[in-house]
Enquirer: 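Below is a structure I'd like to ask you about.
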There are 2 protein chains.
Amino acid sequence: MDSRNFPLEALIAKVQRLSPVDDEDIAALRSLSHRTDRRRSQQYIVREGDKPTECCLLVDGYAARSKLSAEGGRQIVSFHVSGDMLDLQHLFLDRADHFVQAMTDVTLAWIPMPALRELISNRPRVGTAFWRDALIDASIFREWVLNVGRRDAKTRIAHMLCEFITRSEAAGLGSVESMRLPFTQEQIGDATGLTAVHVNRMLRELTEEGLIRRSPGMLQVRDWSGFRRVAAFDAAYLHAAA
Amino acid sequence: MDSRNFPLEALIAKVQRLSPVDDEDIAALRSLSHRTDRRRSQQYIVREGDKPTECCLLVDGYAARSKLSAEGGRQIVSFHVSGDMLDLQHLFLDRADHFVQAMTDVTLAWIPMPALRELISNRPRVGTAFWRDALIDASIFREWVLNVGRRDAKTRIAHMLCEFITRSEAAGLGSVESMRLPFTQEQIGDATGLTAVHVNRMLRELTEEGLIRRSPGMLQVRDWSGFRRVAAFDAAYLHAAA
DNA sequence: CGGTTCTTTGACGAGATTCAATGCCGGTGG
DNA sequence: CCACCGGCATTGAATCTCGTCAAAGAACCG
């Protein structure tokens, strides 16, 4: 069952990683009503201030959440891969407090909120999976506060890349040795609180140190344990979801 | 019913702000078993790596969550006031991924996790309140990523203080005109990704500009709308929980 | 191909850190 | 009662990391 024909399979795979669901739970997930949708790279999926009535699942491609500062600065606060719910929070919060944007061409599945709320309350194991998903997202945000607040530029960029690689691999997308990297250096800067120029300098150093190799749109890690060390990366905060 | 005699009243007040619970819901909350506990200022409440079996409610006083970087840097990722649940996440995640520490002498109420899980599943309106609480926490973390990543030092400190004042007021603790401030300048630096020295300089400027007045352990805002403007503070991300 | 976006590099400047010293305040014990 | 001590606040000077500005080269797209 690939995600083209069964858009919810990526979600089911993730729910199974998060909670010990049974066959009935999976059947209930699979029978969720939904409509699929495509967006081109860089298009917005949710805008700050929106009041969504459906919940958005990222079926295929990459997305990012971002916020804007008053002076026009942009901060990416997380990225997402296939199988991730992009606005679980709107099940319980009225208005979007940030933007969600496609980083590549994406396929989305929009699921009506009432159906999801019912699923959560009628199927406790699925509810637990969603709880865990939301709480792991929060743990990732905390790690990002630390990353942006207290690590130097090189460590910061390396850490963000380690997380991206770890989560992408868990979603079955490429490997440490060769991974699609759907971000420009400007976007890596937006995720790490740096400028594109400085990101470029740090990536050059990481390359010169033999830790990574870069080609357009791709990233290879040549020394994964060395790279994790430079990144001060410890995956505990992902709570084995990746 | 003050919190000394009825430790859970602060939680009930907060739940009522978050979700339209009925009398039975409140009765169920009030009958939650729990044990109260005190900690001195600066003591740890939860340590990274812990596997808690009870959930901790902050009944009285102030607390903060923090993480440590490999180089020994410390990042405070959120602060908490009375009525806040300090480790809701451990209902669904095994291990603590960060520290929770008392900022003042505190009173805590420890509630067994099974009782809380039952409450969430048997009382949907209470469950909704906890969902909203967890999701608002996540929204606050996102705002902190933006704060630390993209705002300059003065704005950053002012923003953190605006949030503290807004949430403290909502919890019934003081007013904009006169608020207890239970953080040293070092701790404000840990929350904003700055050094204590630079925090001091920025606080001096904010004072000289007539926006705030400081006295030991206290903060007065002399020009709330001017202060919010300097802080680029828009409370939308608190989702009316404060 | 021609234009656009992204990457790369250098020179310079600014904001924040580091280091160091002084002052302040509350608590404690002689 | 007061002297001492430790933690916190304050300030200045030197330094450094990262940002800004500018320009050129590489990759991508119609």
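Letters go in sequence order (proteins before strands), and every chain restarts at 1. Fair warning: this is a prediction, and the values are worked out from it, not measured in the lab. Just the heavy atoms: all of them, side chains too, but no hydrogens, waters or symmetry mates, feed the values below.
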Enquirer: Looking only at the side chains, is there a donor atom on one of Glu177(A) and Ser175(A) sitting less than 3.5 Å from an acceptor on the other?
Expert: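 Short answer, yes.
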Enquirer: Roughly how far apart are Asp37(A) CG and Thr107(A) OG1, rounded to 0.5 Å?
Expert: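 Result: 9.0 Å between the selected atoms.
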Enquirer: Rounded to the Å, how far apart are Ile157(B) CD1 and dG15(C) P?
Expert: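 Atom CD1 in Ile157(B) sits about 15 Å away from atom P in dG15(C).
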Enquirer: Does Arg222(B) have any side-chain contact (heavy atoms from CB on, under 4.5 Å) partners at least two apart in sequence or in another chain, and if so, which?
Expert: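 Per chain and number, Arg222(B) pairs via side-chain contact (heavy atoms from CB on, under 4.5 Å) with Arg213(B).
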Enquirer: Measure the distance from CD1 on Ile188(B) to C1' on dA9(D) and round it to the nearest whole Å.
Expert: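 One finds 11 Å between C1' of dA9(D) and CD1 of Ile188(B), rounded.
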Enquirer: Could you walk me through whether Arg150(B) and Glu71(A) pass the side chain to side chain contact (heavy atoms under 4.5 Å, CB included) check?
Expert: CA-CA 9 Å; Arg150(B) 282 297 184 215; Glu71(A) 304 78 40; over 6 Å; no
Enquirer: Expressed in angstrom and rounded to an integer, what is the separation of Leu206(A) atom CG from dT8(C) atom C1'?
Expert: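 Checked: the CG to C1' distance equals 16 Å.
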Enquirer: Between dA9(D) atom P and Gln185(B) atom CD, what is the distance in whole Å?
Expert: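 Value for this atom pair: 4 Å.
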Enquirer: Provide, to the nearest angstrom, the distance between the CG atom belonging to Leu219(B) and the P atom belonging to dA9(D).
Expert: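 After rounding, the reported distance stands at 13 Å.
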Enquirer: Are any of the side-chain nitrogens in Asp84(B) or Lys14(B) under 4.0 Å away from the carboxylate oxygens of its partner?
Expert: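 Here Asp84(B) pairs with Lys14(B) in a salt bridge, since their nearest N and O are under 4.0 Å apart.
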Enquirer: Does the side chain of Asn200(B) get closer than 4.0 angstrom to OP1 or OP2 of dT10(D) through an N or O atom?
Expert: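 Answer yes for this pair, as a side-chain N or O of Asn200(B) is under 4.0 Å from OP1 or OP2.
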Enquirer: Rounded to the Å, how far apart are Leu203(A) CG and dT9(C) P?
Expert: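 So the two atoms are 11 Å apart, to the nearest Å.
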Enquirer: Round to a whole Å and report the spacing from CD of Gln42(A) to P of dT4(C).
Expert: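 In whole Å, dT4(C) P and Gln42(A) CD are 18 Å from each other.
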Enquirer: State whether Arg204(A) and Glu208(A) are salt-bridged, where the test is any N-O pair (Lys NZ or Arg NE/NH1/NH2 against Asp/Glu carboxylate O) under 4.0 Å.
Expert: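 A salt bridge links Arg204(A) with Glu208(A).
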Enquirer: Could you run through nucleotides 12-30 of chain D and give me one letter per nucleotide, 5' to 3': B if any protein heavy atom sits under 4.0 Å from the base, S if only the sugar-phosphate is that close, - if neither?
Expert: BB----BBBB------S--
